[in-house]
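As structure tokens, the structure follows; a few thoughts come after it.
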Amino acid sequence: EKMKRIILNLFLLFCVSITYTQLPYSESFENDFGIWVQLSAPDDHFDWTRHTGPTPTPTWGTGPAMASDGDYYIYIEATGNNNPPRHAIIEASFDFSGTTMPILSFDYHMWGSGIGNLFLYAYNGSTWTEIWNQFNDQGNHWHNVKICLGQYANNPNVKLRFKAETQYTDSSDIALDNIRIIDFSYDEINHTNVTCGGYFDGEIDISVLGGYSPYEYSINDGAEYFPDASTNKIFSNLPGGSYPIRVRDNSGCMINGGIVTINEPAQPSITHTKTDVYDCSYSHNGTITITASGIGAPYEYSINGFDDP
């Protein structure tokens, strides 16, 4: 039997083409395992099980009572698979082409006095890397995890692998549900230049796509973030200058928007001369001559801050 499984694995590896799924992606196991493939010996020892309702051994104090999303979930049944400890692996292939910040979200359930380990690995086309793990009893409820996969962005050959391990007891069922992957990226970044030298009327308009609300926006390279539930944020009353853009979502994933430069025109050059009143203190023969040059013509002149003669 073991030899048959090894031969089957080799056939799948060399003779069956792999379909790489694009984003957005979601799976709650309502119909089957979807794109998730069960690995076989020698890579793992037994299979994940698709299930609805409590696991067959709730009296042992392990396993969820229901799915976290919909009716079905997948889990490893520890009974009969724990002496010695054993592990089960599922794997799926994804095409992250054109992505900026893929974000993986999933729910897990790890309840029981003998709970083992849950690992998540990612493959970049050449190397498998452990990117997340959880150990021991986490309580009788579902937990959500969100993981930034920016290091795999724009990669057409990405694989994800969940590996669950039992321990020396029946009380070590581990479950997964509600697996989702979305991209987090910029829609548009627009700006308005300052209209006149010394003014504070520049503007930066940032729009993002995907991710998880609420968001936080920064225009000073992350030194300060401004929260906003909307996918759009406008920064107004800005002087001229360079603004490094950063946005992060509720999962903590951050995308770099580069540097936006708000241009500010140079102020006009102004010179003036005056002629004092010279013949009588009540005469109106004093003069002020103002000469303006540079950007901004035609000009408006005032000697009291209000009137424009």
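L23 is connected to I131 through a chain of hydrophobic side-chain contacts under 4.5 Å among Ile, Leu, Val, Met, Phe, Trp and Tyr, so both are in one cluster. Put simply, F226 and V260 are part of the same group of oily side chains (I, L, V, M, F, W, Y) that touch within less than 4.5 Å, one to the next. One hydrophobic cluster, built from ILVMFWY side chains closer than 4.5 Å, cannot hold both I147 and Y123; they sit in different ones. The cluster map of Ile, Leu, Val, Met, Phe, Trp and Tyr, joined by side-chain heavy atoms under 4.5 Å apart, puts Y186 and M101 in the same cluster. Each of F46 and Y73 belongs to its own hydrophobic cluster when Ile, Leu, Val, Met, Phe, Trp and Tyr are linked at side-chain heavy-atom distances under 4.5 angstrom.
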- Query: Run the side-chain hydrogen bond (donor to acceptor under 3.5 Å, both in side chains) check on S97 and N154 step by step: do they pass?
  - Reply: CA-CA 4 Å; S97 297; N154 209 33; 5.2 Å; no
- Would you check, one step at a time, whether the test side chain to side chain contact (heavy atoms under 4.5 Å, CB included) holds for E188 with D205? CA-CA 8 Å; E188 290 183 312; D205 187 343; over 6 Å; no
- Task: Would you check, one step at a time, whether the test side chain to side chain contact (heavy atoms under 4.5 Å, CB included) holds for L238 with F235?
- Result: CA-CA 7 Å; L238 300 176; F235 291 87; 4.0 Å; yes
- Yes or no on side chain to side chain contact (heavy atoms under 4.5 Å, CB included) for I259 and Y243, after CA distance, side-chain angles and deciding distance? CA-CA 5 Å; I259 297 177; Y243 297 87; 5.9 Å; no
- Could you please spell out the steps behind the side chain to side chain contact (heavy atoms under 4.5 Å, CB included) verdict for I103 and L149? CA-CA 6 Å; I103 303 175; L149 298 176; over 6 Å; no
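Looking at Y20 and P156, their side chains never come closer than 4.5 Å, going by heavy atoms from C-beta outward. Between F106 and L176 the shortest side-chain heavy-atom distance falls below 4.5 Å. Inter-residue side-chain proximity for R50 and F33 is flagged as met; some heavy-atom pair is nearer than 4.5 Å. Side-chain atoms of I115 and I174, non-hydrogen and from C-beta on, do get closer than 4.5 Å to each other. Residues N144 and S105 meet the side-chain proximity criterion, which asks for heavy atoms closer than 4.5 Å. Residues H51 and Y72 fail the side-chain proximity criterion, which asks for heavy atoms closer than 4.5 Å. In this structure, the side chains of F184 and I182 stay at 4.5 Å or more apart for every pair of heavy atoms. Between L120 and V145, the closest side-chain pair of non-hydrogen atoms is not below 4.5 Å.
Side-chain polar atoms of N220 and S218 form a donor-acceptor pair below 3.5 angstrom. With hydrogens and angles left out, the side-chain atoms of Y75 and E77 include a donor and acceptor closer than 3.5 Å. Between the side chains of D173 and T55, a donor-acceptor pair is found at a separation under 3.5 Å. A side-chain donor from one of S68 and D107 sits under 3.5 Å from a side-chain acceptor of the other. Side chains of D201 and T195: a donor on one and an acceptor on the other come within 3.5 Å. In the model, N133 has no side-chain atom that pairs as donor or acceptor with a side-chain atom of N117 under 3.5 Å. Side-chain contact annotation: S28 with D69, donor-acceptor N/O pair under 3.5 Å present. Counted by atom type alone, S126 and N124 present one or more donor-acceptor pairs between their side chains at under 3.5 Å.
Here the closest non-hydrogen pair linking G116 and S172 is N-CB, 4.1 Å. The two residues E91 and L39 have their closest heavy-atom pair at CB-CD1, 3.6 Å. Taking both residues in full, the closest heavy atoms of G114 and T169 are given as CA-CG2, 3.0 Å, listed atom of the first, atom of the second, then distance. Of all the heavy atoms in S236 and E203, the pair that sits closest is OG-OE1, 3.5 Å. In terms of heavy atoms, I89 sits closest to R161 at CG2-CG, 3.1 Å. The nearest pair of heavy atoms linking I204 to I189 is CG2-CG2, 4.4 Å.
A donor-acceptor pair is defined here as one N or O able to donate and one able to accept, closer than 3.5 Å; such a pair exists between the side chain of T166 and the backbone of N81.
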With a cut-off of 3.5 Å and sequence neighbours excluded, list every side-chain donor-acceptor pair involving residues 248-258.
unit_1: R248; atom_1: NE; unit_2: E216; atom_2: OE1; d: 2.5
unit_1: R248; atom_1: NH2; unit_2: E216; atom_2: OE1; d: 3.1
unit_1: D249; atom_1: OD1; unit_2: S251; atom_2: N; d: 3.1
unit_1: D249; atom_1: OD1; unit_2: S251; atom_2: OG; d: 2.6
unit_1: D249; atom_1: OD1; unit_2: G252; atom_2: N; d: 3.3
unit_1: D249; atom_1: OD1; unit_2: C253; atom_2: N; d: 3.1
unit_1: D249; atom_1: OD2; unit_2: Y212; atom_2: N; d: 2.9
unit_1: D249; atom_1: OD2; unit_2: S251; atom_2: OG; d: 3.0
unit_1: N256; atom_1: OD1; unit_2: R246; atom_2: NH1; d: 2.9
unit_1: N256; atom_1: OD1; unit_2: G258; atom_2: N; d: 2.7

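Each of F135, W132, W142 was scored for a ring pair (Phe, Tyr, Trp, His ring centres under 6.0 Å) with Y108, with one residue passing: W132. Each of D177, N140, T62 was checked for a side-chain hydrogen bond (donor to acceptor under 3.5 Å, both in side chains) with H109, and the lone residue meeting it is N140. The side-chain contact (heavy atoms from CB on, under 4.5 Å) test with Y215 is passed by exactly one of V208, I206, D228: V208.
Note on ring orientation: taking the six-membered ring where Trp is involved, the planes of H141 and H143 are tilted (angle from 30° to 60°). Classification of the H87-H45 ring pair by plane angle, with boundaries at 30° and 60°, yields tilted.
Here the two rings, on W36 and F162, have centers that are under 6.0 Å apart.
The structure places OG of S93 at 8.5 Å from CG of L160, a figure rounded to the nearest 0.5 Å.
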